[in-house]
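Written out below as structure tokens is the structure these notes cover.
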Amino acid sequence: VAACYYGFKNFEIYNALIGIIFSILLIHLGFARINLFINSKFQNKDNLIRIKTTIEYLIIVAVVYYIFN
């Protein structure tokens with residue numbers, strides 16, 4: 001959100017919109033490729049779900065720790 005604000009503030013609207021759209025597309029394509037790669041590496045989807053859930057909870061704990069510490 002801050003990047004969008006400063007993009008609109010410092011540059012023309014056309015350039016800021018192109019940058020925002022390009023960034024969204026690039027991130028979306030990157031996550032899609034990572035998703036395909038990870039799904040191809042795990043034959044047992046139960047293990048993948050367990051690992052994903054564990055990583056998500058670790059990220060939440062790290063963010064909460066960072067906020068309150």
Side-chain angles (χ1 to χ4, degrees):
V1 174
C4 294
Y5 170 74
Y6 287 112
F8 286 131
K9 183 179 174 185
N10 296 328
F11 303 107
E12 295 177 10
I13 290 176
Y14 178 73
N15 290 339
L17 288 177
I18 288 176
I20 292 168
I21 291 170
F22 179 73
S23 299
I24 290 171
L25 288 174
L26 189 65
I27 290 170
H28 181 72
L29 290 174
F31 277 116
R33 297 294 283 171
I34 291 171
N35 185 23
L36 289 174
F37 176 74
I38 290 175
N39 282 333
S40 70
K41 295 295 179 186
F42 286 92
Q43 300 302 323
N44 186 357
K45 299 301 180 199
D46 290 335
N47 286 340
L48 179 61
I49 291 172
R50 282 192 207 122
I51 291 170
K52 178 182 166 285
T53 306
T54 304
I55 291 172
E56 288 174 350
Y57 283 125
L58 287 173
I59 291 171
I60 291 170
V61 168
V63 168
V64 169
Y65 178 79
Y66 179 75
I67 290 172
F68 291 115
N69 192 3

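For the single chain, residues carry numbers from 1 onward in sequence order.
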In this structure, CD1 of I27 is separated from CZ of F22 (nearest 0.5 Å) by 10.0 Å

Is I51 reachable from I59 through a run of hydrophobic residues whose side-chain heavy atoms are each under 4.5 Å from the next?
yes

CD1 (I49) and OG1 (T54) are apart, to the nearest 0.5 Å, by 11.5 Å

d(N35 CG, S40 OG) to nearest 0.5 Å is 10.0 Å

(Q) With heavy-atom distances below 4.5 Å as the criterion, would you say the side chains of L48 and K41 are in contact? (A) no

* Hey, any chance I55 and I34 share a hydrophobic cluster, counting ILVMFWY side chains that come within less than 4.5 Å of each other, even indirectly? -> yes

Would you say I18 and L26 are hydrophobically clustered, going by side-chain heavy atoms of ILVMFWY under 4.5 Å?
no

